Amino acid sequence: MKRRLFLASTISSALAACSPIGTALNNNDAFHHLIGSAQGLNHLLIGTRGLAREYPLSAIDRNFRVNGLPTPDDATYESYVADRFASYRLVVDGAVERKHAYSLPALRAMPQVTQITRHDCVEGWSAIGEWSGVRLSDVLAAAHPRADARYVVFHCMDRDDQGTPYYESLDLKEAYHPQTLLSLRLNGSDLDPDHGAPVRLRVPTQLGYKSAKWVKRIEVVGSFSNLYGGKGGYWEDQGYEWYAGI
Amino acid sequence: MERLPGTKVYRYAVLTRVSHWFWVIAFAALVSSGLQIFNAAPYLDASDKSNPARRVLSIDSPADGVGTTTIFGRTFTTTGWLGWTDDGMGGRTARAFPGWITIPAYQDLADGRRWHLFFAWIAASCWLAWLVSSAIKGNLREMVLRPSDLPKLWPMQAYYLRLRKEPPAHGTYNPLQKLAYTVVAFVLAPMIVLTGLALSPGIDAIAQPLTWLLGGRQFARLWHFVAMLGLLGFFVVHTFQVATQGLLNQMRSMITGWYRLGDHDGVGP
């Protein structure tokens, strides 16, 4: 009986010790760096291969869940909404031979593709939507990235409470993936402000935070280490993995 | 290969012992960080996309100061334990699993994932290394449940329940141990790895049939949770058995490798 009591108290104290020990280790820079090392391995092994599953029309979520930040509370964005994005331009610049500034009608005049794919949020939930728009690869091909181009950065129109703007980035392989879209429509209608109007990036092979909303500028770069927090994205700067295929 | 009770035998190779203890650490880290990740979407659906109509489990806080857990549509009040509980910073908040059981203690999905995706490699490597070396050395043979063990399962259970004086004759492991080890090593371990992989959108793009076979991505999340509960159940029974069936001998054998045979222990399959 004494032994069982001893055992029960040992097991419970061992269990109760996990969280405080783990929390203390989490605050240790060397350990935190060590456990981050799996990220490179995951990117190397999984990477960008294959195609995301495409679904039939019947699978669509008609009220597609709104993820991330709400509609930008920003005078410029509000003026775009007021004039139905007539003055909006999608700028493509950086390490490219030919810079572009696309109006919304110009994007609509490009070849359009449609995909019904699942959006997997980092929180754990999933929703299915029908996305239509322009292949990012078409826009990049028109811009002719220079030889030093490595990543494509998406600058967005929303900011958090501290005024930090949202941005995201993809490597060229993911950017040229045939399912990586600059989507203009969701479930048969033009994107509404909550879902990222007028242009939302759509990356079905990675988690939802990669699919940046309210994109205003696409910047091709050799490195993103001098941008904002240097980790290649708004959530990445807050500790989330840059490679979000897992 | 008959050996007398009291004889010391070298039962566990270095690789088995090292991988065992690394696995213990990795399992603790994976459960704690996994519950942290679960907290970001505290529900499980038997479906591909999220679908409240097929919700199997959800942990909610319908009002300040109230926590509830709903399993198969039946709701239980779990205030203080699940739904409304320890926020990991000395207070209470709307949160599925309490801070004292998650890593980090406070809500932090990014770091929870960082832990989980690192220790998943440790746990999977330990399992694979042990499996391959045991298979090569032939030790798996004495551990795997065979058809001839099936009739011995109940007599062994009856012995544990003190309904029977003697256990059925057995080798290194008794029939119930073989059952438990076989289920853990060949059912739960592969299941938790595959269901975890199926959650990755990158892997889903490479191996679409995997997620599909599991019933979809949310269903894979549910299976992953079920496999965790299975392993947790094994952990509880395993530690109880170790503690009650000669704690010092058992602990020594998993540290030094040397095990002292008991009255009913044999050697071999």
Side-chain angles (χ1 to χ4, degrees), chain A residues 3-4 6-8 10-11 14-16 18-23 25-27 32 34-39 41-43 46-53 55 59 61 65 118-128 177 179 203-208 235-236 238-241 243-246, chain B residues 28-29 31-33 36-45 47-51 88 98-106 108-111 113-122 196-197 199-208 211-212 216-218 221 235-236 239-240 242-244 247:
Chain A
R3 180 174 279 186
R4 285 183 195 182
F6 167 76
L7 166 79
T10 309
I11 293 185
L15 282 178
C18 283
S19 174
I21 291 172
T23 307
L25 280 171
N26 194 58
N27 293 325
H32 198 256
L34 169 73
I35 61 174
S37 62
Q39 197 187 131
L41 189 59
N42 293 334
H43 185 200
I46 306 169
T48 303
R49 301 184 176 89
L51 291 170
R53 172 178 292 275
Y55 292 85
D61 280 297
R65 184 167 169 178
R118 202 183 58 220
H119 173 104
D120 293 333
C121 180
V122 67
E123 292 175 335
W125 55 268
S126 307
I128 295 173
H177 188 277
Q179 288 174 315
V203 189
T205 49
Q206 295 204 30
L207 294 172
W235 288 112
E236 287 83 338
Q238 304 192 25
Y240 286 85
E241 303 97 328
Y243 174 69
I246 188 161
Chain B
V31 171
S32 312
S33 59
Q36 166 77 250
I37 295 168
F38 175 91
N39 276 354
Y43 41 79
L44 296 169
D45 297 348
S47 55
D48 184 11
K49 63 179 183 179
S50 296
N51 182 358
W100 59 264
I101 208 172
T102 66
I103 291 179
Y106 45 86
D108 186 338
L109 175 61
D111 279 347
R113 283 171 53 81
R114 200 179 178 94
W115 276 74
H116 208 73
L117 298 177
F118 175 78
F119 281 100
W121 277 111
I122 305 285
L197 290 176
L199 296 174
S200 145
I203 288 178
D204 192 17
I206 299 167
Q208 285 189 18
T211 315
W212 182 80
R217 182 171 190 256
Q218 297 301 312
R221 206 169 166 255
F235 169 75
V236 170
T239 37
F240 176 82
V242 165
T244 55
L247 178 65

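Protein chains get the first letters and strands the later ones, always in sequence-line order, with residue 1 at the start of each. Everything numeric here is computed off the predicted structure, so don't read it as measured data.
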Could you tell me which portion of A:Leu34 (side chain, backbone, both or neither) has an atom closer than 4.5 angstrom to a non-hydrogen atom of chain B?
both
Atom OH in A:Tyr55, atom CG in A:Asp61: separation rounded to 0.5 Å?
10.5 Å
Looking at B:Arg217, B:Arg221, B:Lys49, which one forms a side-chain hydrogen bond (donor to acceptor under 3.5 Å, both in side chains) with A:Ser126?
B:Arg217
Straight-line distance of A:Tyr243 OH to A:Gln39 CD, nearest 0.5 Å:
10.5 Å
Which bit of A:Asn27 is near chain B, if near means a heavy-atom gap under 4.5 Å: side chain, backbone, both or neither?
side chain
Quick check against the 3.5 Å criterion: does A:Asn42 have a side-chain atom that pairs as donor or acceptor with the backbone of A:Ala38?
yes
If one checks every heavy atom of B:Trp121 against chain A at 4.5 Å, the contacting part turns out to be side chain
Please look at A:His119 and chain B and tell me whether the side chain, the backbone, both or neither of the residue comes under 4.5 angstrom of a heavy atom of that chain.
neither
If you count heavy-atom pairs within less than 4.5 Å of chain B, which of A:Ala127, A:Gly36, A:Pro204 leads?
A:Gly36
Does A:Leu51 reach the side chain of A:His177, with side-chain heavy atoms less than 4.5 Å apart?
yes
For chain B, which candidate among A:Thr205, A:Thr23, A:Asn26 shows the most heavy-atom pairs at distances under 4.5 Å?
A:Asn26
What part of A:Gln179 is in contact with chain B, defined as an atom under 4.5 angstrom from a non-hydrogen atom: side chain, backbone, both or neither?
neither
Measuring heavy-atom distances to chain A, does B:Tyr43 have an atom under 4.5 Å in its side chain, in its backbone, in both, or in neither?
side chain
In terms of heavy-atom proximity below 4.5 Å to chain B, should A:Arg118 be classed as side chain, backbone, both, or neither?
side chain
Closest-packed option against chain A by number of heavy-atom pairs under 4.5 Å, given B:Ser200, B:Ala207, B:Ala29, B:Ala120:
B:Ser200
dist B:Thr211:OG1 -> B:Ile203:CD1 (nearest 0.5 Å) comes out at 8.5 Å
Sort out for me which of B:Asp45, B:Asp48, B:Thr102, B:Ile122 touches chain A most, counting heavy-atom pairs under 4.5 Å.
B:Asp48
For B:Asp111 and A:His32, what are the C-alpha separation, side-chain angles and deciding distance, and is it a side chain to side chain contact (heavy atoms under 4.5 Å, CB included)?
CA-CA 9 Å; B:Asp111 279 347; A:His32 198 256; 2.8 Å; yes
Top residue by heavy-atom pair count (under 4.5 Å) with chain B, among A:Ile21, A:Leu25, A:Ile46?
A:Ile46
Sort B:Gln208 into side chain, backbone, both or neither according to what part of it lies under 4.5 angstrom from a heavy atom of chain A.
both
Hey, is B:Asp204 close enough to A:Arg53 for a salt bridge, meaning N to O under 4.0 Å?
no
Checking side chain to side chain contact (heavy atoms under 4.5 Å, CB included) for the pair B:Asp108/B:Arg113: CA distance, chi angles, key distance, verdict?
CA-CA 9 Å; B:Asp108 186 338; B:Arg113 283 171 53 81; over 6 Å; no
Note: vs chain B, highest number of non-hydrogen pairs under 4.5 angstrom among A:Cys18, A:Gly47, A:Ala244 is A:Cys18
For chain A, which of B:Leu117, B:Ile206, B:Ile103, B:Leu109 has the most heavy-atom pairs under 4.5 Å?
B:Leu109
Below 4.5 Å from any heavy atom of chain B, which atoms of A:Ser37 appear? Answer side chain, backbone, both or neither.
side chain
Mutual orientation of the aromatic rings belonging to A:Trp235 and A:Tyr240 [parallel < 30°, tilted 30-60°, perpendicular > 60°]:
perpendicular
